[in-house]
Amino acid sequence: MNFIKKLFGSNQIQSTKYNSGAEVNAVGFIYGTAVFSHGWNDPSELIPNETALILDLVESKSDIENRLNYWNKIYYNQITQHYSLNEKQLESISSIINVPKEKYRELYAHWPQSINEQTYQELLSQLKLKFVQFRPITEELKGKYVIKINEKFWNIKTHNSIVLVNIINTYERKIQDFELIHDTYQKAMTYGVIIMNRLCTERPPDSLYYYEQEIKKNIKSHQGLNSYDFDNYKDTKGEYNRIINEMGNDVLETVSQIESLENKPFEVIKISDDD
């Protein structure tokens, strides 16, 4: 029974959708793990000490494994857009996906369009790549406001994928906790708007278009989104301050529009301080 639950559990859960500003008694976060690429078609490297977005909250210890499994499979569904497998890695899964090891430099053209739970478990057993990790909530985080990606918003179909694939891939960039966890709801909303803008404009460029169109479905008067041109080579805190100072009105307007959406690109959630 435990095996069956492990094998098929991720099909029975979804990431939780919360109301704006909801207070949640959570036990921890599901983070994306940063990935470093050594170059085009060269092997990639997972960096466990560096995390990216907060993908989900976990409200029960018994749900940790299922939620890790759920999100890790999302990365495996289109693994070639997140990680470059080497020839040895492809050889280990060649019989599972029916692709010869010599195709490791062209794997993006041969990766299965759909991976069921059993195939995912077989791939995970061989590759042992874990793109997500659980972090427990500590006492100092209680009462804070966190920015969590809303998977349902980004499930936007493109010609060969969904936008979510690009949003959860931060392209070798660590996103620090001071960017994701805040003392006030308003500051979290402000940072959330800037982070979503960064994710859409840094790569690929058409993500901003899809982002705009999704907002326009609900706000007919929406005039489009400006790029904030976040410079990743400068001081991160300084860049947030620069954007808030130079484009504060635009940021506040976008905050207001997002708050009016029922299905938001990100959710700001207060971590309950109840024991």
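Keep in mind that the numbers below use all heavy atoms, side chains included, and drop hydrogens, waters and symmetry copies. None of the values given here were measured: they were computed from a predicted structure.
For Phe266, there are no ring-ring contact (aromatic ring centres under 6.0 Å, His included) partners at least two apart in sequence or on another chain. The side chain to side chain contact (heavy atoms under 4.5 Å, CB included) search around Glu246 returns Arg242, not counting sequence neighbours. Remark: Pro112 pairs with Ile97, Ile115 by the side chain to side chain contact (heavy atoms under 4.5 Å, CB included) rule, at least two apart or across chains. For Gln113, there are no side chain to side chain donor-acceptor pair (under 3.5 Å) partners at least two apart in sequence or on another chain. For Thr201, the side chain to side chain contact (heavy atoms under 4.5 Å, CB included) partners are Asn197, Leu208, Ser227, not counting sequence neighbours.
Under the 30°/60° scheme for interplanar angles, the aromatic rings of Tyr211 and Trp154 are found to be tilted. Relative ring orientation between Phe131 and His82 is described as tilted, the plane-to-plane angle lying within the 30° to 60° band.
For the 3.5 Å distance criterion, the side chains of Tyr228 and Asp250 qualify, holding a donor opposite an acceptor. Between the side chains of Glu214 and Tyr209, no donor-acceptor pair of N or O atoms lies under 3.5 Å. Checking Gln257 against His222 by side-chain atom types alone, a donor-acceptor pair falls below 3.5 Å. Using modelled atom types and a 3.5 Å distance limit, the side chains of Asn166 and Tyr210 yield no donor-acceptor pair. Using a 3.5 Å distance cut-off with no hydrogens or angles, the side chains of Glu239 and Asn232 do not pair a donor with an acceptor. Defined by atom type and a distance below 3.5 Å, a donor-acceptor pair is missing between the side-chain atoms of Ser60 and Asp63. In this model, no donor atom of one side chain and acceptor atom of the other lie less than 3.5 Å apart for Lys237 and Asn241. Remark: the Gln78 side chain and the Gln81 side chain contain an N/O donor-acceptor pair separated by less than 3.5 Å.
At least one side-chain heavy atom of Leu53 sits under 4.5 Å from a side-chain heavy atom of Ile175. Between Phe153 and Met196 the shortest side-chain heavy-atom distance does not fall below 4.5 Å. Within the 4.5 Å cutoff, the side chain of Leu127 has heavy atoms near those of the Gln89 side chain. Counting only heavy atoms from C-beta outward, the side chains of Val27 and Phe134 approach each other to under 4.5 Å. Looking only at side-chain heavy atoms (C-beta outward), Leu164 and Asn155 stay at 4.5 Å or farther from each other. Taking the side chain as every heavy atom from C-beta outward, Asn69 and Tyr120 approach each other to under 4.5 Å. By the 4.5 Å heavy-atom criterion applied to side chains, Ile74 and Glu151 are counted as neighbours. Using a 4.5 Å heavy-atom threshold, the side chains of Gln176 and Thr236 count as touching.
With salt bridges taken as basic N to acidic carboxylate O contacts below 4.0 Å, none links Glu259 and Lys264. A salt bridge between Lys101 and Glu91 is present, with a side-chain N of the basic residue lying under 4.0 Å from a carboxylate O of the acidic one. The existence of a salt bridge linking Glu267 and Lys152 is excluded, since no basic side-chain nitrogen approaches an acidic carboxylate oxygen closer than 4.0 Å.
Here the closest heavy-atom approach between residue Gln223 and residue Ser221 is recorded as NE2-O, 2.8 Å. Taking each heavy atom of Leu180 and Ala52 in turn, the nearest pair found is CD1-O, 3.5 Å. Between Tyr145 and Ala188, the shortest heavy-atom distance links the atoms CB-CB, 4.1 Å. Shown here for Leu85 and Tyr104, the closest heavy-atom pair between the two residues is O-CD1, 3.8 Å. Considering every non-hydrogen atom in both Ile47 and Phe36, the closest pair reads CD1-CB, 3.5 Å. When every heavy atom of Leu124 is checked against every heavy atom of Leu129, the shortest pair comes out as CD1-O, 3.6 Å.
How far CD of Gln186 is from OG1 of Thr184: 7.0 Å, rounded to the nearest 0.5 Å. Note that CG of Leu261 is 10.0 Å distant from OG of Ser256, once rounded to the nearest 0.5 Å. For the atom pair Leu55 CG and Asn150 CG, the distance stands at 11.5 Å (nearest 0.5 Å). With rounding to the nearest 0.5 Å, the separation of CD in Glu179 from NE2 in His182 is 8.0 Å. Rounding to the nearest 0.5 Å gives a distance of 8.0 Å between CG of Leu107 and CD1 of Ile79. Residue Leu123 holds its CG atom at 7.0 Å from OH of Tyr76, rounded to the nearest 0.5 Å.
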request  = Test Thr158 against Val165 for side-chain contact (heavy atoms from CB on, under 4.5 Å), laying out the working first.
outcome  = CA-CA 10 Å; Thr158 65; Val165 173; over 6 Å; no

request  = Test side-chain contact (heavy atoms from CB on, under 4.5 Å) on Met247 and Asn226 and set out the steps.
outcome  = CA-CA 9 Å; Met247 306 188 72; Asn226 293 313; 4.0 Å; yes

query = Hey, mind stepping through Ile54 and Ile149 against side-chain contact (heavy atoms from CB on, under 4.5 Å) and telling me if it holds?
reply = CA-CA 6 Å; Ile54 294 175; Ile149 197 79; over 6 Å; no

message = Would Met189 and Ile258 count as a side-chain contact (heavy atoms from CB on, under 4.5 Å) here? Give the steps.
response = CA-CA 9 Å; Met189 285 297 299; Ile258 286 175; 4.1 Å; yes

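Counting only distance, with no hydrogens or angles, the side chain of Tyr75 and the backbone of Ile168 share a donor-acceptor pair below 3.5 Å. Not one N or O on the side chain of Ser272 forms a donor-acceptor pair closer than 3.5 Å with the backbone of Val24. Checked by atom type and distance alone, the side chain of Trp71 never pairs as donor or acceptor with a backbone atom of Asn66 at under 3.5 Å.
No more than 12 heavy atoms of other residues, nucleotides or ligands shown are found within 6.0 angstrom of CG on Asn249. In this structure, Asp235 places its CG atom where more than 12 heavy-atom neighbours from other residues, nucleotides or ligands lie under 6.0 Å away.
Taking the six-membered ring wherever Trp is involved, the centroid distance between the rings of Tyr240 and Phe230 falls below 6.0 Å.
Identified under the side-chain hydrogen bond (donor to acceptor under 3.5 Å, both in side chains) test for residues 123-137, with sequence neighbours left out: Thr33-Gln133.
For the side chain to side chain contact (heavy atoms under 4.5 Å, CB included) test with Arg67, the passing option among Ile30, Leu57, Asn72 is Ile30; the others fail.
Two different hydrophobic clusters hold Leu252 and Leu225 under the rule that ILVMFWY side chains link at heavy-atom gaps under 4.5 Å.
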